[in-house]
Amino acid sequence: MKQTLIALASLIAMTAMAQNPQMNMKAEELKITQEWDKVFAQSTKVDHEKVTFVNMYGITLVADLYKPKGVDGPFAALAVSGPFGAVKEQSSGLYAQTMAEKGFLTIAFDPSFTGESGGQPRRVASPDINTEDFMAAVDYLATRSDVDTDKIGIIGICGWGGIALNAAAIDTRIKATAAITMYDMTRVAGNGYYDSGNSEEVRHAMHEEVSKQRIAEYKRVLAMGQATDDNAEGAYKRAGGVVDPLPEGAPKFVKDYHAYYKTPRGYHARSGNSNDGWNATGQMAYLNARFLHYTNEIRSAVLVMHGEEAHSRYFGEDAFKNMMNGNPVPDNKELLIVPGATHCDLYDGGDKHFIPWEKLADFFEINLK
């Protein structure tokens, strides 16, 4: 009985901490840039500031907050993140600023281990920590006096679209979710593109490679101490940045990534995708995890938006099909295919302004009543 009571007390304490991470966790001391350094122009219609909040793993996240200028709350609020390997100064910031122009209070945050947010080592990812990042963003928004706690939604772009659906399947405080040009990172990590590597043999070879790499990296880290942004290149092998220069005969989607991340259109110095990418072992947990298992139990509203010409379209269509399979509340779910748009066109609109901003605003206005 005593052990049961101790376990129960521990669970209650952990639950309280999860609901209010700031209560028991001290924010990390981080270097935060205050000047405007986004890849998009600053809007005169919204107020902007940097904010921080702590997730339940004790990692301090840094976000850009956008708020309609001259308007009093409480506001419906949105948390935005993605693409996977990008930073808040890129696509997610554009989405957050634009939605603030349309009347929402928004934050675009850097995930754990990424950009200006905390966490060591850098450039790693975790299915559970990344999902928690979204829920910690909801914690932050829900405790602001200028936010209506019952009117909080999230937007996930690219790999963070799948993470957003995973968070929505857990966190009922999330009343509406938009998954934009989404990847299911667990599926592509474990199966390869178009499930071309979905075999025990292929996965075993991949597991062998990253397992050996971990030993080499561990030895280097022991020799040099904690790896930080300043010395990570010497401790960890990096992989996964957008290829540059483009190889001859590169697939169109690789050219699309290059046109965004490696040109002034989307390049940012803190973006892994714009530079040397992820730690080679940094996404190891994604190889065995699987998102979307319980998304068919999401009762809140969901919009899955994908480009007609996107190489990743199958992720969005399959995710939507899985979500609708026996869903108890199907009428507030929608799949929107944007004619002519590629994957990266929905990062910033591309050259033809492909992002249907009014549709996105209407979706949240209707479902965050």
Side-chain angles (χ1 to χ4, degrees), residues 32-33 36-43 46 48-53 55 61-67 77-102 104-117 123 125 130-138 140-141 152-168 174 176-183 185 242 257 260-261 265-274 303-306 312 343-350 354-357 360-361 363-364:
I32 301 176
T33 302
W36 186 265
D37 63 347
K38 323 301 181 194
V39 303
F40 51 91
Q42 186 170 12
S43 173
V46 303
H48 164 263
E49 64 176 307
K50 290 284 183 75
V51 299
T52 62
F53 53 94
N55 70 17
L61 304 185
V62 180
D64 285 294
L65 183 144
Y66 300 91
K67 186 175 179 179
L78 303 172
V80 191
S81 198
F84 201 78
V87 289
K88 65 188 181 305
E89 289 74 22
Q90 296 174 306
S91 179
S92 62
L94 174 64
Y95 271 79
Q97 179 175 261
T98 305
M99 295 305 287
E101 289 179 331
K102 297 185 180 302
F104 300 89
L105 184 148
T106 66
I107 56 171
F109 65 89
D110 282 331
S112 297
F113 316 109
T114 303
E116 292 185 308
S117 288
R123 307 275 184 84
N130 292 155
T131 302
E132 160 62 19
D133 287 343
F134 254 133
M135 295 192 289
V138 175
Y140 171 76
L141 291 173
I152 297 176
I154 60 175
I155 298 175
I157 305 161
C158 187
W160 278 80
I163 297 167
L165 292 178
N166 201 51
I174 299 169
T177 301
I180 310 294
T181 195
M182 68 162 282
Y183 268 48
M185 291 303 302
V242 173
Y257 279 133
Y260 182 78
Y261 286 110
R265 171 186 169 194
Y267 176 84
H268 198 277
R270 289 192 293 273
S271 168
N273 291 345
S274 287
L303 172 65
V304 177
M305 183 190 300
H306 234 106
S312 54
H343 181 82
C344 292
D345 283 334
L346 297 188
Y347 283 7
D348 63 352
F354 279 108
I355 300 172
W357 292 114
L360 193 60
F363 166 76
F364 284 110

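Owing to the predicted nature of the structure, the values given are computational and were not obtained by experimental measurement.
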Exercise for the section: Under the side-chain contact (heavy atoms from CB on, under 4.5 Å) rule, collect the residues that match up with S117, sequence neighbours excluded. Expected result: L61, V62, D110

Practice task
Could you tell me which residues satisfy side-chain contact (heavy atoms from CB on, under 4.5 Å) with A137, sequence neighbours excluded, listed by chain and number?
Solution key: F53, A79, I107, F109

Taking only residues two or more places apart in sequence, or in another chain, which ones meet [X] in a ring pair (Phe, Tyr, Trp, His ring centres under 6.0 Å)?
X    : answer
Y95  : W357
F354 : none
H343 : Y183, Y257, H311, Y347
H268 : none

Nearest heavy-atom neighbours spanning [X] and [Y]:
X    : Y    : answer
H306 : S312 : NE2-OG, 2.9 Å
A86  : T114 : O-CG2, 3.7 Å
C344 : R265 : O-NH2, 3.4 Å
L360 : A178 : CD1-CB, 3.8 Å
A168 : T177 : CB-OG1, 3.4 Å
S91  : I157 : OG-CD1, 3.6 Å

Any side-chain heavy atom of [X] within less than 4.5 Å of one from [Y]?
X    : Y    : result
L65  : Y140 : yes
V39  : D348 : no
P83  : Y260 : no
D345 : T181 : no
E89  : T33  : no
W160 : P111 : yes

Handout entry: Salt bridge present between K88 and E116 (N-O < 4.0 angstrom)
Key =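 Looking at E116 together with K88, the answer is yes, because their closest N to O distance falls below 4.0 Å.
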
Handout entry: Pairing residues for T98 by the side chain to side chain donor-acceptor pair (under 3.5 Å) criterion, not counting sequence neighbours
Key =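 None.
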
Fill in the blank from the handout: Contacts of S112 meeting side chain to side chain donor-acceptor pair (under 3.5 Å) (sequence neighbours excluded), chain-then-number -> N55, D133

Practice task
Return the set of residues passing salt bridge (Lys or Arg N to Asp or Glu O under 4.0 Å) with E101 (not counting sequence neighbours), or none when no residue passes.
Solution key: none

Fill in the blank from the handout: The salt bridge (Lys or Arg N to Asp or Glu O under 4.0 Å) partners of D64 (sequence neighbours excluded) come to K38

Practice task
Step by step, work out the side chain to side chain contact (heavy atoms under 4.5 Å, CB included) result for L165 and M182.
Solution key: CA-CA 10 Å; L165 292 178; M182 68 162 282; 3.8 Å; yes

Exercise for the section: State whether the side chain of S81 and the backbone N or O of G156 hold a donor-acceptor pair below 3.5 Å, judged by distance alone. Expected result: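 It does not hold such a pair.
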
Exercise for the section: Please assess I155 against T106 for the test side chain to side chain contact (heavy atoms under 4.5 Å, CB included), listing each intermediate value before the final yes or no. Expected result: CA-CA 10 Å; I155 298 175; T106 66; over 6 Å; no

Problem - Reported OH-to-CG distance for the pair Y261 and N273, which is rounded to 0.5 angstrom - result: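 The distance works out to 4.0 Å.
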
Exercise for the section: Would you check, one step at a time, whether the test side chain to side chain contact (heavy atoms under 4.5 Å, CB included) holds for K102 with F364? Expected result: CA-CA 10 Å; K102 297 185 180 302; F364 284 110; over 6 Å; no

Exercise for the section: Begin with the C-alpha distance, continue with both residues' side-chain angles, and end with the deciding distance and a verdict on side chain to side chain contact (heavy atoms under 4.5 Å, CB included) for V80 and M99. Expected result: CA-CA 10 Å; V80 191; M99 295 305 287; over 6 Å; no

